[in-house]
Amino acid sequence: QVQLMESGGGSVQAGGSLRLSCTASGTIWNGRGHYWTWFRQVPEKNREGVATLLTGTSITFYADSVQGRATVSRDNAKNTLYLEMKNLKPGDSAMYYCAFGRGITNWVNSGSYTYWGQGTQVTVSS
């Protein structure tokens, strides 16, 4: 059984920074070429792919909206994925989720992911 748990959300003023964590339990960490991804969602909108990391590689991708402000990384020993965001904007306010999937061809397609965390809320005030 694979479980993902996010943490690190909170309230921050515009221009500030946050680091989100997603800790995995189970055998999720094995293998190459799987996407471990951060999504975010605001009410009444679809989940937006924010950043992803291709397991077993150093390959990362970012949404245009966070390019240059976000860094996704992982700690293999801790089975944890991180998302560091700086220069936060009110538009970054959302529930942030991590997700893991195998055999994905389009990392921003939320429907392709098998495992999801419960989310952590980020609120950025102006």
Side-chain angles (χ1 to χ4, degrees):
Q1 184 73 16
V2 174
Q3 292 186 328
L4 303 174
M5 182 170 291
E6 303 94 337
S7 61
S11 296
V12 63
Q13 290 197 331
S17 302
L18 278 178
R19 188 177 78 160
L20 307 182
S21 300
C22 172
T23 300
S25 62
T27 58
I28 195 172
W29 202 245
N30 298 328
R32 290 172 56 91
H34 311 310
Y35 283 110
W36 197 337
T37 302
W38 286 99
F39 285 87
R40 65 186 181 187
Q41 188 173 26
V42 296
E44 301 182 351
K45 287 193 175 181
N46 293 331
R47 290 186 182 183
E48 174 193 17
V50 178
T52 191
L53 181 148
L54 198 59
T55 61
T57 76
S58 59
I59 296 171
T60 57
F61 298 104
Y62 297 91
D64 289 344
S65 57
V66 302
Q67 185 73 46
R69 301 189 296 119
T71 303
V72 62
S73 61
R74 86 278 201 194
D75 184 327
N76 288 348
K78 296 182 178 179
N79 258 9
T80 298
L81 185 75
Y82 300 102
L83 178 68
E84 296 187 74
M85 293 189 66
K86 60 183 180 181
N87 192 20
L88 285 161
K89 305 174 182 180
D92 293 318
S93 297
M95 184 71 80
Y96 282 71
Y97 300 89
C98 70
F100 181 84
R102 300 181 174 94
I104 294 174
T105 57
N106 183 2
W107 72 270
V108 299
N109 182 0
S110 61
S112 300
Y113 289 81
T114 304
Y115 304 105
W116 290 86
Q118 84 291 345
T120 185
Q121 178 69 41
V122 172
T123 303
V124 183
S125 57
S126 57

**Report entry** Leu4 side chain reached by Tyr97 side chain, heavy atoms, under 4.5 Å
**Finding:** no
Report summary line: Shortest non-hydrogen pair, Asn109 vs Phe39, comes out as C-CZ, 4.4 Å
Query - Side-chain donor-acceptor pair present, Arg47, Thr37, cut-off under 3.5 Å - result: no
**Report entry** Flag if over 12 foreign heavy atoms under 6.0 Å of CE, Met5
**Finding:** no
Query - Donor-acceptor pair, side chain of Tyr35 and main chain of Thr105, under 3.5 angstrom - result: no
Requested in this report: Only pairs at least two apart or in different chains count here, so list each salt bridge (Lys or Arg N to Asp or Glu O under 4.0 Å) that has a residue in residues 2-17.
Outcome: none
Query raised in the report: Going through the checks in order, is the side chain to side chain donor-acceptor pair (under 3.5 Å) test met by Thr23 and Thr80?
Result: CA-CA 4 Å; Thr23 300; Thr80 298; 3.1 Å; yes
Query raised in the report: With a cut-off of 6.0 Å (strictly less than), are more than 12 heavy atoms of other residues, nucleotides or ligands near CD of Gln13?
Result: no
Query raised in the report: Would you say Thr123's side chain and Ser93's backbone share a donor-acceptor pair under 3.5 angstrom?
Result: no
**Report entry** Residue pair Glu48 / Ser65, side-chain donor-acceptor N/O under 3.5 Å
**Finding:** yes
Report task. Could you check if a side-chain atom of Met85 sits within less than 4.5 angstrom of a side-chain atom of Val66, using non-hydrogen atoms only? Result -> yes
Query raised in the report: Any salt bridge between Glu84 and Arg19, counting N to O under 4.0 Å?
Result: no
